[in-house]
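Letters go in sequence order (proteins before strands), and every chain restarts at 1.
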Amino acid sequence: MNFFRRSYTSIIRRKGKSLILFLAILLISNVIAGSISVKKALANTEKSITEKMPVEIKIELDYEKITDKEPEKLTEKQINQIGKSTYIKDYYYSYNYNLQSTTLKLVNENILFRTSSLEDKISIIGQENSFSIIGSNSTIIREITLDKFNIIDGKTYTKDDIEKGNNVVIISKELAKKNNLKVGSTITLGKNIEDYSGVDFKILKSIKEEYKVIGIFEAKTNLIKDEDGKIVEEYNPLVDYIYMPNKTMEFIHNKIITSYDELNIEDYDSFDIKATFNLKNINELDDFKNENIKKLLTGYKFTDNSELYNKTIGPMQNMQSLSNFIMYASIIASIIIIGLITVLFFRERKHEIGIYLALGEYKMNIAIQVLLETIIISLLAVSISIFSGNLLAKNISNKMLDNEISSSSKEDNISYDEFGYQNNIDKKEIMSKYSVSLDINTIFIIYIVCLGSVTLSTLLPIYYTLKINPRKILM
Amino acid sequence: MENILSVSNLSYFYQDGDIIRHILKDITYDFEKGKFYTILGESGSGKTTFLSLISALEEQKSGQINYENINIRQIGLDNYRRNKVGIIFQSYNLIPYMTGIENILVAMSITNNKLPENKETVAKNLLKYVGIDSIKGNRTINKLSGGEQQRVAIARALSTDVNLILADEPTGNLDQEMSEEIVKLFASLAHEHKKCVIMVTHSKEIAKKSDVTLILEKGILKKDE
Ligand SMILES: Nc1ncnc2c1ncn2[C@@H]1O[C@H](COP(=O)(O)OP(=O)(O)OP(=O)(O)O)[C@@H](O)[C@H]1O
Ligand SMILES: [Mg+2]
């Protein structure tokens, strides 16, 4: 009849009391397990949303501060300096440029005409199609990370491509189809240096480079929705963009610049660097800005998507703090309630414990016995709660989150990125990502939290009971 | 016969606020193995107090209690209770939701004394010895009569194979017939099994059946001549 057997006997023989304790723990651990499950689900959802919508800081021209003098161009060095900040998780910079081709046909030719104001000129250069080129400083293409497109054939850049600036490009599947291109095909891009000074314009020099297609992407279709969420237009904004490493682009740009110089023509070739910094933590936004504002050149400012981010993440954070509150409240409640139950039972257990003490039992063994009893009962109750609490949480939290998002998104104004993709992540998408599920980690946490609070609430009564003088109880 | 328990200069007092009441005054006495002692005394004379001190349920304040010439403090009070004495109470003090056999097994699992392997058989035999058959031995305590419970308590005190049995009015709640049987049991424990049995009682009749009767009066323990 060692203390382990004694625990078991006590649970089995004192059925009524065991049941009361069991039910109390079951009730509370359901709430604890439920709130932990919800917390976990919200955190997972928030994480996957944040992946698609990171807290981004961009460097943009500050038109209010621009004086007569045109601001200096951003450089790679400045971007890297800011990117080193401890507040930054990662950062990208991409060169943006325009190149023409005489052989490559645009998918959306009409766009060029519609958007251009220089209709005369374009009708003359009509056969030359202009392509927007987007560079990359890393083998990871940002548009892939943000789910805007994915590579369906071939691959992205290798490290070598990025470092050496190899002549490689990634194009859309629409562009490939229109021009009969495959992975491995080559395309020619370049620029003409023209002279408009005369009545007829002349091509002074043609700079051309051949690029190998290494990857073909399929871009997300952009859905334009009206207020009710009904799709009014569908289009794909990325079909005519061509992707290449920054270095590759810099190489042809330099070639063009050199030619301008040689021809003694004033350089008006436009070449931009766009930098995006992803913040580790939205709460550090101001700290980051304070730290780095001095590094910015005059005429530039930081812009960020914190407002949109907060609006999207807000409902989840509201619910997280609610489930946090519920969790802590129920932990405290459990310590009090289970503590009270234990104290109540201990009045009669006192006699039994007095007997063990009179028989010379080690206090530690008595403590372990009583603790074991509570733990065994809790283990049973918590094991059930893990599933029932999860089920409960699933049913309640889905509705709650739905409501939270609906009420916060009423005043939503939709924002768009540089391609015209909607930045907002809508309710449907959030809800589809939100799922209360059980993983080993969550189960482990639930056990620890529940058993921890049960242990805590049992230890104090045990401690006091073991201080009793057995003689006073027994004689 | 050899001394098993030697009490020397044992004093004890209770403090109620500012008032100090001396209950035991400088008691010195040697208890021997193989003898059955009874302690008589008026209610409130300090019999239970004395027994609680020599059973180490209460810590002594002054004087010495030696078990086989070793101070029980040196043995360690818990250790002493675990391995050297069997205590029998007026109110039995058994664990109510366990059976008689289980109550005995509890004591057997706590002691460090070397016991036979087949503990359950030993427990059953002990119960048989005190007059409890195995049907009653397998009942939970709250389904036993007072006399039966006291027999289980005696069996428990014997189960740890100790040589010193201390009993505080064990027959207090029992009728005469039952009392006499228990007293007979104690006598045989002392005489046949060479244990030292010290029993507190109110009854002069019972005291007559013991080898030595001691009287506790005004804090002093003396032999009844
Ligand atoms: N914890 C205590 N605090 C103060 N006084 C106490 C305490 N325990 C006992 N007493 C007092 O000490 C005296 C001796 O008590 P004790 O229980 O030893 O007497 P007793 O001889 O066993 O009496 P009875 O025959 O009635 O059982 C009594 O006057 C009692 O009131
Ligand atoms: Mg008494």
Heavy-atom distance under 4.5 Å to chain B: side chain of A:L359, backbone, both or neither?
both
Given a strict heavy-atom distance threshold of 4.5 Å, which part of A:F3 is in contact with chain B: side chain, backbone, both, or neither?
neither
Taking side chain as everything from C-beta outward and backbone as N, CA, C, O, which of these in [X] sits under 4.5 Å from a heavy atom of chain A? Side chain, backbone, both or neither.
X      : value
B:D168 : side chain
B:I104 : neither
B:F89  : side chain
B:S159 : neither
B:M108 : neither
B:S91  : side chain

[Y]/[X] salt bridge by N-O under 4.0 Å criterion:
X      : Y      : answer
B:R73  : B:E59  : yes
A:R349 : A:E373 : yes
B:K143 : B:E148 : no

Pick from [options] with the largest number of heavy-atom pairs that fall under 4.5 Å of chain A:
options                       : result
B:V106, B:T160, B:D78         : B:V106
B:L105, B:L57, B:N93          : B:N93
B:N103, B:I87, B:I110, B:T111 : B:I110
B:E102, B:R82, B:K119         : B:R82
B:T140, B:T49, B:N112         : B:T49

Picking from [options], which has the most non-hydrogen pairs under 4.5 angstrom with chain B?
options                        : value
A:R471, A:K363, A:H351, A:M475 : A:R471
A:R13, A:E361, A:R6            : A:R13
A:N469, A:I473, A:I12          : A:N469

Report yes or no: is the cationic atom of B:K61 (NZ for Lys, CZ for Arg) closer than 6.0 Å to the six-membered ring centre of B:Y12, at no more than 45° off its axis?
yes
Between B:N9 and B:D26, does any side-chain donor sit less than 3.5 Å from a side-chain acceptor?
yes
Centres of the B:Y129 and B:H193 rings: under 6.0 Å?
yes
Single hit among B:F186, B:F31, B:F50 for ring pair (Phe, Tyr, Trp, His ring centres under 6.0 Å) with B:Y37
B:F31
Taking atom OH as the centre, does A:Y328 end up with more than 12 heavy-atom neighbours from other residues, nucleotides or ligands that are less than 6.0 angstrom away?
no
Is the count of non-hydrogen atoms from other residues, nucleotides or ligands lying under 6.0 Å from A:K280 atom NZ greater than 12?
yes
Given 3.5 Å as the limit, does a donor-acceptor pair link the side chain of B:D16 with the main chain of B:I19, or not?
no
